[in-house]
Colleague: 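Pasting in a structure now, in structure tokens, and then I'll have a few things to ask.
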Amino acid sequence: MLSREDNETLTRTGPGTAMGQLFRSYWIPVLLSEELPERDGPQVRVRILGEDLLAFRDSEGRIGLVEPRCPHRGADLYFGRNEEGGVRCAYHGWKFDVTGQCLDMPTVPPETAQTMCAKARIRAYPTREWGGMVWAYMAELAGGAEPPPLPQMEFALVPGEHRYVSKKLQECNWAQAAEGGIDTAHFSFLHMPVARSEAEFAERALRAVRGYNARTMSQDHVRWMREDPRPRYQVKRHAAGLVLGASRQADPGEHYWRIAQYLMPCHGYTPSATEGQTYHGQSWVPIDDHSCWIFCYSWNPERPLTEQERSSYVTGGAVYPARDANYVPVRNRGNEYLMDRRMQKLENFTGIEGVSEQDAAIQDSQGRIADRTRELLGPTDVAVVHFRRLMLQSAAGVAKGESPPGRDDPAAYLVRGGGTIAPVGEAFDDVMRRRFGDEMGRVVPKDMVSA
Amino acid sequence: MLSREDNETLTRTGPGTAMGQLFRSYWIPVLLSEELPERDGPQVRVRILGEDLLAFRDSEGRIGLVEPRCPHRGADLYFGRNEEGGVRCAYHGWKFDVTGQCLDMPTVPPETAQTMCAKARIRAYPTREWGGMVWAYMAELAGGAEPPPLPQMEFALVPGEHRYVSKKLQECNWAQAAEGGIDTAHFSFLHMPVARSEAEFAERALRAVRGYNARTMSQDHVRWMREDPRPRYQVKRHAAGLVLGASRQADPGEHYWRIAQYLMPCHGYTPSATEGQTYHGQSWVPIDDHSCWIFCYSWNPERPLTEQERSSYVTGGAVYPARDANYVPVRNRGNEYLMDRRMQKLENFTGIEGVSEQDAAIQDSQGRIADRTRELLGPTDVAVVHFRRLMLQSAAGVAKGESPPGRDDPAAYLVRGGGTIAPVGEAFDDVMRRRFGDEMGRVVPKDMVSA
Amino acid sequence: MLSREDNETLTRTGPGTAMGQLFRSYWIPVLLSEELPERDGPQVRVRILGEDLLAFRDSEGRIGLVEPRCPHRGADLYFGRNEEGGVRCAYHGWKFDVTGQCLDMPTVPPETAQTMCAKARIRAYPTREWGGMVWAYMAELAGGAEPPPLPQMEFALVPGEHRYVSKKLQECNWAQAAEGGIDTAHFSFLHMPVARSEAEFAERALRAVRGYNARTMSQDHVRWMREDPRPRYQVKRHAAGLVLGASRQADPGEHYWRIAQYLMPCHGYTPSATEGQTYHGQSWVPIDDHSCWIFCYSWNPERPLTEQERSSYVTGGAVYPARDANYVPVRNRGNEYLMDRRMQKLENFTGIEGVSEQDAAIQDSQGRIADRTRELLGPTDVAVVHFRRLMLQSAAGVAKGESPPGRDDPAAYLVRGGGTIAPVGEAFDDVMRRRFGDEMGRVVPKDMVSA
């Protein structure tokens with residue numbers, strides 16, 4: 001439960017807000033590289049952190065992320081022409097490059113154009129392409145200041161064939177979607193099959209975890225989660241965020257551990273992958289305070305992704321919903337996620353198809369912005385409690401001029417999350433060391449493949 | 001004409017408003033029974049008096065009407081599963097029964113679950129099924145307090161085959177729709193055929209009153225209403241509301257009386273039925289201040305309804321519009337009621353098909369909330385004047401702690417309205433006694449059939 | 001650049017605003033005559049200057065423009081019946097004529113009806129039909145006061161076969177649309193073809209100016225505008241507004257002059273017609289502050305319009321977009337003007353088909369109301385600077401009780417705008433005299449045809 005003030009602070013990310021400042025202290029994903037496929041190709045509208053921006057790839061392949069308003073008469077550069085080094089306004093032909101610099105003012109006499117060009121600079125944010133996504137650093141950089149280094153997330157470091165990247169629209173505030181991502185307790189209900197026999201359950205359990213490799217998530221894992229809806233949580237803070245372990249009773253004498261990572265300011269790794277399997281992560285990036293893009297990525301450090309894996313990510317599986325050409329899930333708020341009450345009675349707990357879609361449905365259902373002033377938190381909510389504390393403390397730190405966790409420590413992002421089986425009684429640190437070789441889940445050099 | 005304050009008081013029914021408190025002092029219809037056909041079937045969203053609620057029928061057939069928000073993390077119980085005695089939240093499995101009591105908290109250790117369950121109670125309103133509708137009493141009942149008895153409306157007392165019940169959406173404030181229901185003067189224009197000859201008029205008059213039995217409303221009745229657009233009103237207050245008589249010149253030496261009932265807080269009986277014919281009523285229940293459900297019912301105390309009657313109610317006739325599976329009229333605000341200007345020129349006064357649809361069109365046209373501060377009322381508006389006075393006085397009384405009219409007198413609802421022919425000069429009380437056997441329209445025991 | 005206050009003043013035209021008062025000092029177009037084709041035909045809704053009104057043609061052909069609210073109970077007279085001298089309300093039959101006078105109150109006893117009728121007057125504005133359009137004078141006229149005479153615009157004076165009139169919806173504030181109309185500099189980019197060869201350019205130049213006669217706008221004219229994007233402006237004020245000349249380098253030793261007219265409060269003539277060709281004008285009439293009707297007209301003083309001209313105006317050419325039966329452009333804000341990025345790359349500067357559509361796209365893109373507080377104006381923006389000054393000064397004058405420019409001088413509207421070729425160095429006054437026979441573009445008597 002939060003005070004009204006804290007709930008506002010956690011959820012508001014527009015210009016001038018405390019959480020907005022925190023987000024603007026980091027590189028964050030704003031687009032997929034595939035959305036700007038060609039040089040001098042169509043510019044696209046981007047709305048991030050409540051700011052309406054324009055992205056374009058110039059003749060040299062550089063990506064601009066700029067204020068879309070021509071400073072001459074206020075026309076929208078979206079209707080302009082992306083040509084030879086910049087976007088030219090369609091009204092009177094003023095032209096701007098990826099840094100926001102005005103390059104040409106054809107309506108102004110040559111003798112005064114130079115002076116006016118300097119004044120006609122538009123706001124532009126630095127961008128980088130990294131791991132199949134376009135990242136931006138959305139703060140104003142004082143003269144000569146440099147943005148921090150890019151976070152060394154493993155999916156961006158592995159070779160392209162080892163990786164899949166996409167995104168999905170979610171129609172609620174970023175923070176409750178992120179909370180759903182690190183709340184690994186809900187699997188026991190939200191994603192659970194309904195069945196009249198164990199045979200039926202086993203079959204449906206596999207369907208329920210479509211897109212996660214069979215070995216990663218088997219019917220046994222699903223069964224353990226059904227039978228123990230009260231995982232015991234352990235949470236540790238590290239340089240770039242949180243590692244969140246939750247253990248459930250598995251077969252006699254064993255615990256099934258699911259270990260998630262939360263990386264500042266908005267990245268989470270799922271707890272699903274067991275040893276050797278494909279990892280998955282999500283980044284919750286506010287469009288505004290009522291919707292967000294969830295960037296999704298899957299990677300296998302040891303081998304290229306299989307055709308079967310890619311196919312399930314494209315059509316809906318693991319963290320990916322079935323989605324349209326604009327990355328809007330086919331099952332969404334507007335159509336009640338195609339909920340089928342008969343399916344809910346007989347096949348699964350929600351009547352909604354797909355793990356990603358089930359998450360979206362229940363997170364959206366908390367309201368456009370969840371009201372955290374009227375909650376009854378219990379022991380399984382400890383992960384969200386730690387998440388909120390980390391975010392609020394970091395935002396307060398930035399407001400005081402401090403550098404927030406991980407911003408200047410890109411290597412701290414080189415961690416993994418995943419699942420494992422451990423003997424009952426084994427300590428969390430020992431579980432981490434056995435599963436990841438490190439008690440924080442840091443990737444040890446021998447595991448790395450070259451990028 | 002009302003002051004701005006009185007117009008606000010009359011039309012605002014949300015939590016905490018004076019009129020809202022008045023509505024919440026009575027049982028009111030909130031759903032049709034047919035909307036919750038089966039035990040453990042799909043729960044449905046209900047919006048009534050500006051409150052968003054969830055209705056469900058449990059395993060024993062009881063109906064819950066509850067706040068749809070799970071107190072754990074605020075997920076919407078609409079997405080939950082209606083199973084074995086309650087609705088279970090889809091997020092982490094908390095479960096609530098029809099009284100709002102939390103029954104199960106699987107994420108919480110058994111030793112603390114009991115204490116937490118008590119805190120996790122959600123708001124729930126008592127419900128009853130009565131006359132094919134689900135009624136709710138939407139006030140908080142202090143410990144041990146009981147809601148009042150159900151109003152003894154005749155349609156609910158007759159055997160099921162004598163009755164037809166449905167509802168229709170109206171896209172304006174409840175009060176102007178109710179005013180339209182008791183303003184029996186408007187028939188002379190709003191529902192009037194246009195014709196070039198008396199033969200054509202006679203034919204169109206019958207079409208205009210489709211669904212009212214031929215004997216109940218004949219071309220003569222329509223002709224009398226055309227020829228006398230200035231009915232003389234007489235209004236009397238009784239224990240549960242108002243009886244409203246309006247007389248028009250009929251054939252020489254006779255008056256055609258149309259007598260409506262208004263029953264607190266939102267029920268009206270039409271003035272159409274002559275002796276022995278089928279009666280009709282409507283209940284205007286605010287969804288919010290900009291739209292309402294009109295529950296509609298028809299009953300014949302003496303015989304089962306005929307197939308022809310039922311068929312006209314299903315497809316559009318009497319108080320029933322043609323409507324879709326969600327009870328939305330086919331002719332509605334969004335499509336201008338399919339008004340046909342050629343029909344308006346040649347066939348009827350509005351160019352809109354159907355008495356119910358014509359009412360909706362003109363009532364909606366007064367605005368989402370009619371502005372009663374700029375009116376010019378005349379003698380035929382006396383019914384609406386009495387209605388407003390009754391509602392405002394009753395709301396003021398409730399605010400002072402008084403019990404409003406009829407609330408504790410369920411038998412006072414056992415009245416009828418209808419039409420009759422009387423000799424010119426006969427007093428209203430005598431007309432009532434001759435038509436109904438009682439000067440207020442109370443049903444005398446010999447007329448009752450057993451329920 | 002304007003201050004925030006001046007930008008508000010320029011763009012707000014609702015009742016009680018300064019600019020609203022200025023508009024209400026003139027006759028302005030509110031409908032096309034073709035929208036009220038028959039006597040006693042369907043009334044139509046009109047929204048102008050933020051006021052919701054109802055227009056109807058009565059049995060004698062007179063046009064009423066009235067407040068649509070029946071003063072009895074507030075029903076919308078749109079649903080009423082237009083019959084025998086007025087509109088009769090569908091609720092209780094009160095009837096109103098084109099002057100707003102109540103003619104009949106059938107629900108009120110005859111003895112009091114007369115007194116009540118006087119009170120039941122509804123607001124009505126004087127109307128005139130003029131040049132194929134319905135004009136209204138939207139100020140309250142104190143007892144006995146007369147509206148000013150109609151502006152003597154040439155398109156309204158020529159015979160009907162010499163004229164074509166229509167309108168188009170634009171989804172932004174009127175003022176930025178008007179600014180686009182007099183800003184003749186933008187042709188060099190907004191309407192410019194893109195081509196890989198001069199032959200391709202010549203062909204596309206002709207397509208770009210479809211609907212302007214070949215002789216009026218040839219590929220030479222388009223080429224000159226491409227090659228000189230910095231026209232030199234000269235602006236003169238006259239009794240009814242502004243004449244705005246802009247000269248570009250043409251073939252050696254020659255200038256290509258484009259001369260527009262702006263006539264108070266909202267009419268503009270295009271600079272396209274060379275000697276003997278068809279003239280075009282537009283009137284920007286606020287629907288409200290976020291959208292406007294642009295009334296468009298074309299006329300040839302010397303000859304009837306050709307079938308080819310009419311056909312291009314109907315289907316999209318010159319100032320006319322392709323549009324639907326409700327005068328909504330097929331290419332509009334909602335579908336991004338069917339912009340085609342491939343066309344933008346290879347065929348024209350915007351990827352949008354049609355001069356009118358290109359104008360709409362870029363003007364809409366400035367926002368619903370352009371923010372003029374953040375502009376960088378240059379020498380080619382001198383026309384918009386003069387326009388703003390004229391409008392703001394005139395509005396201030398009206399607020400002080402002055403009669404604004406042209407209001408009482410209808411003959412001052414008898415002017416023309418157009419294009420011509422002149423030797424380099426010829427003074428603007430001389431250019432005007434040679435092209436129009438008058439230095440302000442006034443039509444000299446010999447040029448007039450009888451109406």
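Sequence lines set the chain letters: A, B, ... in the order given, protein chains first and strands last, and positions in each chain run from 1. Reckoned from all heavy atoms, side chains included, excluding hydrogens, waters and symmetry mates. The model shown is predicted, which means the values in this text are computed figures rather than measured ones.
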Colleague: Is Pro379(A) close to chain B through its backbone or its side chain, or both, or neither, when contacts mean heavy atoms under 4.5 Å?
Modeller: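 The answer is the side chain of Pro379(A).
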Colleague: For the atom pair CZ (Phe79(B)) and CG (Leu190(A)), what is the distance rounded to the nearest 0.5 Å?
Modeller: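 Reported to 0.5 Å precision, the distance equals 11.0 Å.
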Colleague: Compare every heavy atom of Arg374(A) with every heavy atom of Glu67(B), then report the nearest pair and how far apart it is.
Modeller: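 Looking at all heavy atoms of both residues, the closest pair is OE2-NH2, 2.7 Å.
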Colleague: With only heavy atoms counted, which part of Asp364(A) is less than 4.5 Å from chain B, the side chain, the backbone, both or neither?
Modeller: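 Neither part.
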Colleague: If you compare all heavy atoms of Leu376(A) against all heavy atoms of Trp94(B), which two are closest, and at what distance to 0.1 Å?
Modeller: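 Result for this residue pair: O-CH2, 3.5 Å.
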Colleague: Measure across Arg81(B) and Gln344(A) and return the closest heavy-atom pair with its distance rounded to 0.1 Å.
Modeller: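 Here Arg81(B) and Gln344(A) meet closest at NE-O, 2.7 Å.
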Colleague: Report which part of Gln363(A) has an atom under 4.5 Å of a heavy atom belonging to chain B: side chain, backbone, both, or neither.
Modeller: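 Only the side chain of Gln363(A) comes within 4.5 Å of chain B.
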Colleague: What's the shortest heavy-atom distance between Phe189(A) and Pro106(B), and which atoms?
Modeller: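 Where Phe189(A) meets Pro106(B) most closely, the heavy atoms are CZ-CG, 3.2 Å.
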Colleague: Could you look at Arg341(A) and say if it's the side chain, the backbone, both or neither that has a heavy atom under 4.5 Å from chain B?
Modeller: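 Side chain only.
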Colleague: Would you check, one step at a time, whether the test side chain to side chain contact (heavy atoms under 4.5 Å, CB included) holds for Phe349(A) with Arg88(B)?
Modeller: CA-CA 9 Å; Phe349(A) 202 77; Arg88(B) 196 182 279 281; 3.3 Å; yes
Colleague: Is the CD atom of Glu227(A) crowded by more than 12 outside heavy atoms at less than 6.0 Å?
Modeller: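 Atom CD in Glu227(A) is packed in, count exceeds 12.
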Colleague: Could you please state which residues from residues 42-56 of chain B sit under 4.5 angstrom from chain A, measuring non-hydrogen atom to non-hydrogen atom, sorted by number, or 'none'?
Modeller: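 Those residues of residues 42-56 of chain B which have a heavy atom under 4.5 Å from chain A are Pro42(B), Gln43(B), Arg45(B).
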Colleague: Looking at Met339(A), Lys345(A), Arg342(A), which one has more heavy-atom pairs under 4.5 Å with chain B than the rest?
Modeller: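 The candidate making the most pairs under 4.5 Å is Lys345(A).
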Colleague: Supply the atom-to-atom distance Arg69(B) CZ to Glu375(A) CD, rounded to the nearest 0.5 angstrom.
Modeller: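 Answer for the CZ-CD pair, Arg69(B) versus Glu375(A), is 7.0 Å.
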Colleague: Counting only heavy atoms not in Glu200(A), do more than 12 sit closer than 6.0 Å to its CD atom?
Modeller: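 Enclosed: over 12 neighbouring heavy atoms sit under 6.0 Å from CD of Glu200(A).
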Colleague: Non-hydrogen atoms of chain B under 4.5 Å away: do they reach the side chain of Asp183(A), the backbone, both or neither?
Modeller: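 For Asp183(A), side-chain heavy atoms alone lie under 4.5 Å from chain B.
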Colleague: Which one of Ala120(B), Cys70(B), Pro109(B), Pro68(B) has the most heavy-atom pairs closer than 4.5 Å to chain A?
Modeller: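 Greatest number of close heavy-atom pairs with chain A: Pro109(B).
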Colleague: Is a side-chain donor-acceptor pair under 3.5 Å present for Tyr78(B) with Glu336(A)?
Modeller: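 Tyr78(B) and Glu336(A) do have a side-chain donor-acceptor pair below 3.5 Å.
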Colleague: Out of Val108(B), Asp40(B), Thr112(B), which one racks up the most heavy-atom pairs below 4.5 Å with chain A?
Modeller: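 Among Val108(B), Asp40(B), Thr112(B), the one with the most close pairs to chain A is Val108(B).
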Colleague: Any idea how His92(B) and His186(A) line up, ring-wise: parallel (<30°), tilted (30 to 60°), or perpendicular (>60°)?
Modeller: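 It falls in the perpendicular class, over 60°.
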Colleague: Do Ile362(A) and Arg73(B) pass the side chain to side chain contact (heavy atoms under 4.5 Å, CB included) test, and can you show the C-alpha distance, the side-chain angles, and the key distance before you say yes or no?
Modeller: CA-CA 10 Å; Ile362(A) 207 70; Arg73(B) 294 268 301 285; over 6 Å; no
